[in-house]
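Have a look at the structure below before the remarks.
Keep in mind that the numbers below use all heavy atoms, side chains included, and drop hydrogens, waters and symmetry copies. Everything numeric in this text was worked out from a predicted model, so none of it was measured.
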Amino acid sequence: MGVSHISNRSEKQSERWSRRGVLTVLGVVPAAVLTGCSGSAGAAESSSSGGSSATASVKAAKVPAVTVSPADGTKKADFTTPVEVSVTDGTLATVKVTGNDGSTLAGTFNGAKTKWTSTKNPYSGTKYTVAAQAQGATAKTATFTTKSPGETFVGYFTPEANSTSGVGMPVSINFTHAVKDRSKVQKAITVTAEPAVEVVGHWFSDTRLDFRPETYWAAGTKITLSLRLKDVEGQDGIYGIQSKDVTFDIGREQISTVDLSSKEMIVKRDGKTLATYPVSGGNAQHTTWAGIMVISERFKQTRMESSTVGLGDEYDISDVPHAQRLTTSGTFVHGNYWASTSVFGSQNTSHGCVGLHDAKGANDSSVAGYKFYDSSMLGDVVIVKNSGDKTVAADNGLNGWNLSWAEWKAGSAV
């Protein structure tokens, strides 16, 4: 049938075709049928001549597509996972993540620069703007807002910010919720000193963490407490909210030693004896704690009532002068105006406190109680010996110095 189709051509044309030419044309027909089954001869010719350049054009036309997670417009994004930016059909040039609180999230690219991941998680309750630029493409901007945590906790710290304390003052933190993950919380808190010294944390309970060096702070030390508790999960579903730095200073060194056998107190300032005072300590029925204690509170005058320390109605004095707390359980070093002057230095007659002769009204600067109070500050060390009682518990007040360095470090969670 192919031959008869050719024979229908004009005679002038057919006369010029040889038999070999006819066979050649016939041989081409099946091939044309197989390769051009759905297109015209012109389309097939175009495809064979320009196919590779068309494919290149398609590839060149692809535009880099940038994706941000959390997605643009998210209102309650998770704050416990990092921010991620990725690109297809391209590479990332720059990524910047900025919070409405002015903070920024740093991050790193993968090796191919097709993905960027923040090195830290975003903060809770914060609106973020992500500006991402792929090579050769316009910048993409996305915003999202992280959700707020359900329950929160804070750490109340001692001493106060910008205060000056004695050389015995630890950094003590009390949490408003019990901490289950002690390691995670402790890693979010650092205490550094100038001049530098190793500072270690010790957990007294699931709500109290103290920091101290091996020995007392050096006079003149500057201490910085860095709290990075925001969004740290202390226990399931309860997150910290603090992210701040506070500093305080250590003043001069004052260490006072109370010997209840000789009934005197020697006060040393920077290694030199400043004063010696006669005292009266706890009697045989109410002995005074022994050991190293730190002044944690100071009152020019305060009320002392025996019922508050489990001693019934033995005393109730509304105006005890120059009282300085040594233990949470109620041990003070304080002035005493109601006992005879002859008691001090000769008898131990108190209910467990260390007393110095003083005057009613707390305004007589000539008496021992006034002088000692006037020379003291929070964080000063008071050592009691020969009291007839055992060493005070390390967590009874700010008295962690009664633990050896090995014992102290054993209480760290990191």
Side-chain angles (χ1 to χ4, degrees), residues 168 254-268 273-362 364 366-376 380-399 401-402:
Q254 181 165 300
I255 299 174
S256 303
T257 301
V258 177
D259 187 337
L260 291 181
S261 176
S262 63
K263 303 169 187 63
E264 71 175 10
M265 175 168 66
I266 299 175
V267 181
K268 289 190 174 183
T273 299
L274 179 68
T276 300
Y277 301 116
V279 299
S280 178
N283 60 33
Q285 291 74 41
H286 309 96
T287 50
T288 304
W289 291 115
I292 304 168
M293 288 171 263
V294 172
I295 296 174
S296 58
E297 284 186 293
R298 305 178 72 234
F299 307 95
K300 183 178 179 181
Q301 288 189 114
T302 191
R303 181 181 182 182
M304 289 190 177
E305 188 179 1
S306 56
S307 62
T308 63
V309 291
L311 294 177
D313 58 357
E314 292 195 27
Y315 60 85
D316 185 356
I317 305 170
S318 63
D319 58 352
V320 176
H322 302 124
Q324 302 187 87
R325 183 184 291 277
L326 300 179
T327 70
T328 305
S329 62
T331 306
F332 284 77
V333 54
H334 63 77
N336 180 331
Y337 65 79
W338 53 91
S340 170
T341 306
S342 62
V343 166
F344 303 100
S346 62
Q347 300 176 56
N348 289 322
T349 61
S350 81
H351 289 80
C353 292
V354 176
L356 299 91
H357 176 57
D358 212 323
K360 188 177 178 65
D364 186 346
S366 68
V367 293
Y370 183 105
K371 291 178 180 179
F372 179 64
Y373 182 88
D374 189 54
S375 71
S376 301
D380 279 351
V381 176
V382 177
I383 302 170
V384 177
K385 62 182 184 179
N386 298 322
S387 69
D389 207 337
K390 61 184 179 181
T391 300
V392 66
D395 62 346
N396 187 0
L398 303 176
N399 300 325
W401 302 105
N402 291 289

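Between Ser280 and Asn336 there is no side-chain heavy-atom pair separated by less than 4.5 Å. Between Tyr315 and Val309, the closest side-chain pair of non-hydrogen atoms falls below 4.5 Å. Side-chain contact between Asn399 and Val294: present, with at least one pair of heavy atoms (C-beta onward) separated by less than 4.5 Å. Thr331 is not listed as a side-chain neighbour of Val354, based on a closest heavy-atom distance of 4.5 Å or more. Side-chain contact between Arg298 and Ser376: present, with at least one pair of heavy atoms (C-beta onward) separated by less than 4.5 Å.
Under the side-chain hydrogen bond (donor to acceptor under 3.5 Å, both in side chains) rule, Arg303 has a single partner from Asp319, Thr308, Asp316, which is Asp316.
With sequence neighbours left out, the side chain to side chain contact (heavy atoms under 4.5 Å, CB included) criterion links Ser262 to Asp259, Glu264. The side chain to side chain contact (heavy atoms under 4.5 Å, CB included) test applied to Gln347 returns Val343, Thr349, not counting sequence neighbours. Residues that satisfy the salt bridge (Lys or Arg N to Asp or Glu O under 4.0 Å) test with Lys268, not counting sequence neighbours, are absent from this structure.
Closest non-hydrogen pair, Ser387 versus Leu260, comes out as CB-CD1, 3.8 Å. The nearest pair of heavy atoms linking Val367 to His357 is CB-O, 3.7 Å. Nearest heavy-atom pair across Pro321 and Tyr337 is CD-CD2, 3.9 Å. Across Ala359 and Asp364, no two heavy atoms sit closer than the pair CB-CB, 3.6 Å. Of all heavy-atom pairs between Asn348 and Gly282, the closest is CB-O, 3.3 Å. Nearest heavy-atom pair across Gly330 and Thr327 is N-OG1, 3.2 Å.
Between the side chain of Asn402 and the backbone N or O of Ile292, at least one donor-acceptor pair lies under 3.5 Å. At least one donor-acceptor pair closer than 3.5 Å links the side chain of Asn396 to the backbone N or O of Thr328. Between the side chain of Ser375 and the backbone N or O of Phe372 there is at least one donor-acceptor pair closer than 3.5 Å. Here the side chain of Ser306 pairs a donor or acceptor atom with the backbone of Gly312 at under 3.5 angstrom.
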For side chain to side chain contact (heavy atoms under 4.5 Å, CB included), just list the numbers for Phe344 and Asp358, CA-CA rounded to whole Å, side-chain angles, deciding distance to a tenth of an Å, and then say yes or no. CA-CA 11 Å; Phe344 303 100; Asp358 212 323; over 6 Å; no
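To the nearest 0.5 Å, the span separating CG on Asp389 from CH2 on Trp289 amounts to 5.5 Å. Here OG of Ser350 is found 9.5 Å from NE2 of His286. Values are rounded to the nearest 0.5 Å. Separation of atoms CD1 (Ile383) and CG (Leu326) is listed at 11.5 Å; rounding is to 0.5 Å. To the nearest 0.5 Å, atoms OG (Ser256) and OH (Tyr277) are separated by 8.5 Å. Taking CE of Met304 as the reference point, atom CZ of Phe332 lies at 4.5 Å (rounded to 0.5 Å). To the nearest 0.5 Å, the span separating CE on Met293 from CG on Leu398 amounts to 12.5 Å.
Aromatic ring orientation, Tyr373 versus His322: tilted (interplanar angle from 30° to 60°).
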